[in-house]
Amino acid sequence: MDKDRFILEVSKLGIDLTDEMLMKLDAYYKLLIEWNQKINLTAITDKKEVYLKHFYDSLTLVRVIDLNKEETLCDIGTGAGFPGLVLKIVFPHLEVTLVDALNKRVNFLQLVCDKLGLDNVECIHARAEEYALKNRDKFDVVTARAVASLNILLEYSIPLVKVSKYFIALKGNEKKNYSKALEVLNSKIIQIDKFLLPVESSQRTLIKIEKTGKTLDKYPRRYAEIKKRPL
Ligand code: SAM
């Protein structure tokens, strides 16, 4: 989508983009393209596509949560920063933690933060389930897009969430059954929001989950165990 359509569609989400935010998104786009030639960050490089499938798509999170009322957000498996870094640019008050298992991507994220002068962002090189061991009950909102199936993703993410706060998965279409994972991890579905992306009408689903009680100490398990016996 071109810039004018982007601004229009984002305003329909209830977000008024300032000149500064637009400037930062543009600088982020340029760095993404420049660094994508050196390290694998994204298969989507056309400017209109990046604005639709990365920037707009990241911002759709606000369909299910008012981020103005939240303080801390952790994006696990953030890759080149989606949705976490886009959310930081547009909601600068948020303290954002970006976690990814691939160090090259984390170095890229740090570079973008430095060049754009973003403060209160932590770029962490770690597997989410390992990071969660020492960062339990820490975040108001945990997000993940395109990282794993939901039964696995819940084990990575729910330990990080404060009790009574939220994990939100950005999905195309979730096929795996995750009811056992919800139960074992003391969490429940609050909202499932299905909608179509503008312009190309592809399916998106936001799954908002509340952590209702403390996570048992035995979760998250080690990756090998999660993979062998997913919840
Ligand atoms: N969220 C980004 C997006 O939507 O563009 C990146 C998606 S990419 C398909 C998946 C990313 O998740 C990769 O960067 C990978 O390194 C990371 N990842 C997968 N499993 C992970 C884990 N357990 N902990 C941290 N990062 C993980």
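Just so you know, residue 1 is the first one in the sequence shown, and it goes up from there. Counting convention: from 1, in listed order, for ligands and their atoms alike. Being a predicted model, the structure only gives us computed values, none of them experimental.
Sorted by first and then second residue, the ring-ring contact (aromatic ring centres under 6.0 Å, His included) pairs with a member in residues 44-86 read Phe6-Tyr51, Tyr28-Phe55, Tyr28-Phe82, Tyr51-Phe55, His54-Phe82; sequence neighbours excluded. Sorted by first then second residue, the ring-ring contact (aromatic ring centres under 6.0 Å, His included) pairs that include residues 156-192, not counting sequence neighbours, number zero.
Between the side chains of Lys104 and Asn107, no donor-acceptor pair of N or O atoms lies under 3.5 Å. When only modelled atom types and interatomic distance are considered, Thr212 and Glu210 share no side-chain donor-acceptor pair under 3.5 Å.
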Could you go through residues 115-128 and list every donor-acceptor pair under 3.5 Å that involves a side-chain atom there, pairing it with any protein atom two or more places apart or in another chain?
{"from": "His125", "atom 1": "NE2", "to": "Ala101", "atom 2": "O", "distance (Å)": "3.1"}
{"from": "Arg127", "atom 1": "NE", "to": "Glu129", "atom 2": "OE2", "distance (Å)": "2.5"}
{"from": "Arg127", "atom 1": "NH2", "to": "Glu129", "atom 2": "OE2", "distance (Å)": "3.3"}

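Exactly one of Asp75, Leu73, Val96, Thr97 qualifies for a side-chain contact (heavy atoms from CB on, under 4.5 Å) with Phe139. That residue is Thr97.
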Put together the list of close N/O pairs, under 3.5 Å, between ligand 1 and the protein, could you?
{"from": "ligand 1", "atom 1": "1 (N)", "to": "Gly77", "atom 2": "O", "distance (Å)": "2.8"}
{"from": "ligand 1", "atom 1": "1 (N)", "to": "Phe82", "atom 2": "O", "distance (Å)": "2.8"}
{"from": "ligand 1", "atom 1": "1 (N)", "to": "Arg145", "atom 2": "O", "distance (Å)": "2.8"}
{"from": "ligand 1", "atom 1": "4 (O)", "to": "Arg145", "atom 2": "O", "distance (Å)": "3.3"}
{"from": "ligand 1", "atom 1": "4 (O)", "to": "Arg145", "atom 2": "NE", "distance (Å)": "2.5"}
{"from": "ligand 1", "atom 1": "4 (O)", "to": "Arg145", "atom 2": "NH2", "distance (Å)": "3.2"}
{"from": "ligand 1", "atom 1": "5 (O)", "to": "Arg145", "atom 2": "NH2", "distance (Å)": "3.0"}
{"from": "ligand 1", "atom 1": "14 (O)", "to": "Asp100", "atom 2": "OD1", "distance (Å)": "3.2"}
{"from": "ligand 1", "atom 1": "14 (O)", "to": "Asp100", "atom 2": "OD2", "distance (Å)": "2.7"}
{"from": "ligand 1", "atom 1": "14 (O)", "to": "Arg105", "atom 2": "NH1", "distance (Å)": "2.7"}
{"from": "ligand 1", "atom 1": "16 (O)", "to": "Asp100", "atom 2": "OD1", "distance (Å)": "2.7"}
{"from": "ligand 1", "atom 1": "23 (N)", "to": "Arg127", "atom 2": "NH2", "distance (Å)": "2.9"}
{"from": "ligand 1", "atom 1": "23 (N)", "to": "Glu129", "atom 2": "OE1", "distance (Å)": "3.0"}
{"from": "ligand 1", "atom 1": "24 (N)", "to": "Ala128", "atom 2": "N", "distance (Å)": "2.8"}
{"from": "ligand 1", "atom 1": "26 (N)", "to": "Ala101", "atom 2": "N", "distance (Å)": "3.2"}

